[in-house]
Amino acid sequence: GSRARCAKALETSLREAAAVPASEVYGGDTVCGSDTRAECFDAIWHRPLGGITQPLIDWQNRPTFQQVVEIP
């Protein structure tokens with residue numbers, strides 16, 4: 001394809017995605033409920049273990065490969 005057609009297709013798809021209301025993208029989740037903030041859906045949720053619960057924690061950027069350091 002051509003660079004111009006690719007750029008136009010990308011721009012069109014981004015405009016279409018941006019036009020979708022947040023209430024359609026987010027909400028109705030068992031953890032976030034009706035909260036439509038992206039921060040809630042990007043957060044890390046831990047399943048309760050018995051009577052122990054943990055609040056949501058912020059999203060973390062984890063690398064593909066975790067570095068492991070072994071101390072002799």
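Just the heavy atoms: all of them, side chains too, but no hydrogens, waters or symmetry mates, feed the values below.
Atom CG of L49 has 12 or fewer heavy atoms from other residues, nucleotides or ligands within 6.0 Å.
Atom CZ of R5 and atom OG of S2 lie 5.0 Å apart (nearest 0.5 Å). With rounding to the nearest 0.5 Å, the separation of SG in C6 from CD in E11 is 12.0 Å.
Residues D58 and E39 fail the side-chain proximity criterion, which asks for heavy atoms closer than 4.5 Å. Using a 4.5 Å cut-off on side-chain heavy atoms (C-beta onward), V31 and L56 make contact.
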T53 and H46: side-chain contact (heavy atoms from CB on, under 4.5 Å), yes or no, with the steps?
CA-CA 8 Å; T53 60; H46 301 276; over 6 Å; no

